[in-house]
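Taking it in order: structure first as structure tokens, then the write-up.
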There are 4 protein chains.
Amino acid sequence: MPDSGQQLGRPRDSHIDHAVLAAARGLLAEVGYSRVTMDATAARAGVGKAAIYRRFGSKAELLFAASVHDMSIEPPPDTGSLRGDLHALARLIHERLGNPLARQVTPALMAEMVRSPELAARLQQTFVAQQRADFAALLERAERRGELPRPLDPALAHLLLSGPVFMALFAFQDPVDDTVLGEIASVIAAGLVARSAGPAPG
Amino acid sequence: MPDSGQQLGRPRDSHIDHAVLAAARGLLAEVGYSRVTMDATAARAGVGKAAIYRRFGSKAELLFAASVHDMSIEPPPDTGSLRGDLHALARLIHERLGNPLARQVTPALMAEMVRSPELAARLQQTFVAQQRADFAALLERAERRGELPRPLDPALAHLLLSGPVFMALFAFQDPVDDTVLGEIASVIAAGLVARSAGPAPG
Amino acid sequence: MPDSGQQLGRPRDSHIDHAVLAAARGLLAEVGYSRVTMDATAARAGVGKAAIYRRFGSKAELLFAASVHDMSIEPPPDTGSLRGDLHALARLIHERLGNPLARQVTPALMAEMVRSPELAARLQQTFVAQQRADFAALLERAERRGELPRPLDPALAHLLLSGPVFMALFAFQDPVDDTVLGEIASVIAAGLVARSAGPAPG
Amino acid sequence: MPDSGQQLGRPRDSHIDHAVLAAARGLLAEVGYSRVTMDATAARAGVGKAAIYRRFGSKAELLFAASVHDMSIEPPPDTGSLRGDLHALARLIHERLGNPLARQVTPALMAEMVRSPELAARLQQTFVAQQRADFAALLERAERRGELPRPLDPALAHLLLSGPVFMALFAFQDPVDDTVLGEIASVIAAGLVARSAGPAPG
DNA sequence: GAATAAACGAGACGGTACGTCGCGTCTTAAG
DNA sequence: CTTAAGACGCGACGTACCGTCTCGTTTATTC
């Protein structure tokens with residue numbers, strides 16, 4: 001019985017949750033993170049500002065929730081080869097971070113993380129763990145196929161593949177061609193194989 | 001020749017440049033990017049706001065300038081091997097982006113870039129070109145040594161090496177251990193060599 | 001026939017009436033009219049806001065009711081002389097308007113009246129009629145005693161006597177000494193007698 | 001040398017003072033005290049809200065200043081008789097308090113005075129002293145004419161004459177007919193004469 | 001008794017205004 | 001022409017309060 005208490009008072013209207021998030025997403029797409037205002041969001045959702053602040057403690061939390069809302073988290077496919085798997089995963093990451101909403105929100109979120117460790121922690125738990133699991137599965141498949149003689153750290157693979165995509169999108173503001181994603185996957189695949197076969201680190 | 005005309009009237013006081021930048025750095029370190037205000041910076045520097053805006057077009061430019069102020073831009077050393085060069089360069093990048101000031105400013109700057117293409121363009125020209133040249137030199141040395149049979153795109157190498165560092169620092173908020181930098185360098189080096197030896201892309 | 005229908009459903013809890021008024025009076029005394037909030041009143045009375053609004057249509061009505069709650073409306077005594085009657089009535093008015101609750105509420109109510117003619121009308125009917133009747137009785141007694149040869153307008157007497165008390169309390173924020181009330185009564189009494197004996201108005 | 005310090009920085013723009021007060025007066029007349037908004041005032045004055053708050057600490061102060069702004073304070077005329085002087089002064093008071101602006105602002109101001117002793121003190125000093133001087137002059141003239149054998153307290157006369165006008169306007173919300181003002185003046189004049197001739201108070 | 005109908009505590013809701021803060025610009029007098 | 005000081009327009013922020021509206025529950029009257 002984790003929640004024994006009976007809820008008192010008028011319950012939150014879940015229509016409002018959706019209306020607010022939809023309004024926030026719409027505004028994000030139209031005017032960009034910094035020009036989204038709480039007043040405009042409330043007006044667009046047909047809602048009072050208090051109803052928003054009851055749900056989200058600040059603009060940052062609202063826009064984070066709005067951008068995360070329906071982010072698909074399907075696992076990456078098994079393509080039959082390490083290189084193919086990496087390429088597929090690179091595409092997935094690129095889609096997740098490169099869509100219009102994410103391109104608006106992600107940099108702003110990174111800026112907020114600097115001053116809000118709680119937000120940072122929440123984001124880590126929400127995303128990093130999930131993605132690291134994807135990488136662990138991918139490396140395990142490669143091991144089973146015999147492509148990797150020795151197990152590798154999923155965190156390292158995660159950095160190696162996601163980092164370039166992330167940097168291209170947010171530091172260079174440059175969407176990445178699928179050919180380039182393929183090249184990245186190739187280099188990382190070859191490098192991981194060599195590393196796995198080579199001397200132990202240290 | 002940025003300023004051909006002979007300057008008339010009272011010349012700018014260069015003490016002010018330093019005072020302003022010092023004040024900005026101090027505030028950045030103490031309160032973080034978003035809580036640095038122009039008024040506070042001016043007050044701390046004992047300077048009027050106009051004197052700041054005469055030198056820096058906006059808060060973003062000021063804080064950017066403050067954070068890069070004494071950033072060494074020495075070229076990466078020749079360590080004698082591709083792997084060693086990559087490791088050294090990774091360290092350099094990590095230092096540049098990982099110092100306290102840069103960790104405050106960089107994410108905020110990325111957020112600003114989204115709404116200000118001019119700022120984005122300036123940052124690209126200032127940094128990307130410089131770093132890409134570093135990578136070009138590094139790859140050329142590797143070619144001359146015979147480590148790389150075929151030339152590779154410096155931009156790709158740049159992404160592959162910097163991306164992971166960048167992501168670890170700003171998405172994961174996690175400073176990177178030098179051992180990990182070494183591993184990254186190893187994987188990338190091996191991957192680049194394999195890629196250079198392998199079939200042409202396409 | 002104020003309430004012909006037999007009441008259905010749960011009857012109102014009269015404990016709540018008292019609790020609400022007591023809470024309102026307490027808050028009025030502690031924080032003053034404008035800082036009394038409906039939420040605070042409800043919380044202090046241990047009552048939902050709806051229960052308050054079921055009884056009082058607005059904050060103004062509640063606080064008005066709270067302040068008049070136990071206001072004695074005994075008629076002014078017959079002291080045997082016009083001057084004495086006026087002095088006694090002046091004391092009565094001063095007590096009614098000068099107690100701590102009334103001093104909080106009355107000015108606020110006057111401010112509300114400006115924008116709410118309904119409230120204004122209700123207050124007129126509740127008080128003015130009552131007080132005017134007091135004055136009519138007082139003047140009639142004076143006529144019967146022979147102090148006033150001709151009848152006078154009770155409304156005028158009302159204004160003349162209450163006005164100074166009212167103004168002293170609310171415009172000057174100055175409670176009035178009983179000696180001063182006596183002097184006011186003297187002047188008004190003398191003036192009314194002279195006016196009654198003198199030429200007809202017009 | 002009360003203010004030896006030379007003013008630094010950009011001086012306040014006096015056009016803004018006027019624009020703000022004019023906007024406030026306009027809104028007061030159009031929509032009434034409680035519906036005057038700081039945003040609306042700023043917009044109408046073509047001014048930022050900060051410029052208003054730099055001058056007036058709150059809505060109450062602004063609207064007070066706006067309503068007081070050009071209140072004529074001409075002294076009451078000498079009509080040749082106490083009764084005539086009182087009638088003239090009653091008319092003056094009635095005009096000052098009965099004009100549209102004053103009818104909006106005065107009740108609200110009285111409500112504010114309850115919670116702000118500073119405001120109350122300022123209003124006293126601004127108005128009461130002035131009006132009491134008027135009454136002192138009036139009574140002195142009557143003495144010199146021989147209408148009043150003994151001097152009377154101007155404060156008492158002030159209360160007696162202003163109180164009825166004040167109460168009629170703000171408690172009864174009833175503008176006062178000039179005939180009624182005349183009757184009030186008659187009664188007060190007669191009463192004061194009788195009082196002055198009669199026994200000393202106490 | 002069961003059904004009905006209203007009242008109840010709690011608290012969410014739309015709306016509106018508040019007063020504050022920061023940016024980047026403008027305006028003084030002084031140098 | 002620069003400087004320190006600081007006022008300015010703009011626009012967003014987050015808070016507070018009003019009066020209304022659900023909820024689930026309680027309490028009396030009516031069938």
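Throughout, a chain's letter reflects where its sequence line sits, starting with A, and its residues are numbered from 1.
Although no hydrogens or angles enter the test, the distance criterion places a donor-acceptor pair under 3.5 Å between the side chain of Gln124(C) and the main chain of Ala171(D). With hydrogens and angles disregarded, a donor-acceptor distance shorter than 3.5 Å links the side chain of Gln173(B) to the backbone of Met113(A). Within the 3.5 Å criterion, the main-chain N or O of Ala111(D) finds no donor-acceptor partner in the side chain of Arg115(D).
Between the base of dC26(E) and the side chain of Arg10(D) there is a donor-acceptor pair shorter than 3.5 Å. Side chain Lys49(C) to base dG11(E): no donor-acceptor pair is found below 3.5 Å.
Of the candidates dC18(E), dG9(E), dC8(F), the closest approach to any side-chain atom of Thr37(D) belongs to dC18(E). When each of dA17(E), dG19(F), dG9(F) is scored by its nearest atom to the side-chain atoms of Val47(D), the top-ranked nucleotide is dG9(F).
A side chain to side chain donor-acceptor pair (under 3.5 Å) with Tyr33(B) is found for exactly one of Lys59(B), Glu112(B), Arg103(B), namely Glu112(B).
With rounding to whole Å, Ile52(A) atom CD1 is found 14 Å from dA12(E) atom C1'. In this structure, CG of Asp17(A) is placed 12 Å from P of dA12(E), rounded to the nearest angstrom. Going from atom CG of Asp39(B) over to atom P of dA4(F) covers 14 Å, rounded to whole Å. The CZ atom of Phe56(A) sits 14 Å away from the P atom of dG14(F) (whole-angstrom rounding). Rounded to a whole Å, the CG atom of Leu62(B) is 13 Å from the C1' atom of dC23(E). Rounded to an integer number of Å, the gap from Arg35(A) CZ to dC13(F) P is 13 Å. One interatomic measurement links the two molecules: CG of Leu8(D) to C1' of dA29(E), which rounds to 8 Å at whole-angstrom precision. The CZ atom of Arg115(B) sits 11 Å away from the P atom of dA12(F) (whole-angstrom rounding).
Toward the 5′ end of DNA chain F lies the nearest nucleotide of Arg55(B), the other residue of the pair Arg55(B) and Tyr53(C) mapping further downstream. Heavy-atom nearest nucleotides on DNA chain E were determined for Gly57(B) and for Gly48(A), and the one closer to the 5' end corresponds to Gly48(A). In this structure, Ile16(C) and Arg12(A) both approach DNA chain E, and ranking their closest nucleotides by distance from the 5' end singles out Ile16(C).
As judged by a 4.0 angstrom heavy-atom cut-off over every strand, Gly46(B) is placed among residues touching the sugar-phosphate backbone only.
A salt bridge does not link Asp17(D) to Arg12(D): none of the charged nitrogens lies less than 4.0 Å from a carboxylate oxygen.
Look at Lys59(A) and you'll find a side-chain N or O under 4.0 angstrom from OP1 or OP2 of dC13(F). For dT3(F), one of the phosphate oxygens OP1 or OP2 lies less than 4.0 angstrom from a side-chain nitrogen or oxygen of Arg54(B).
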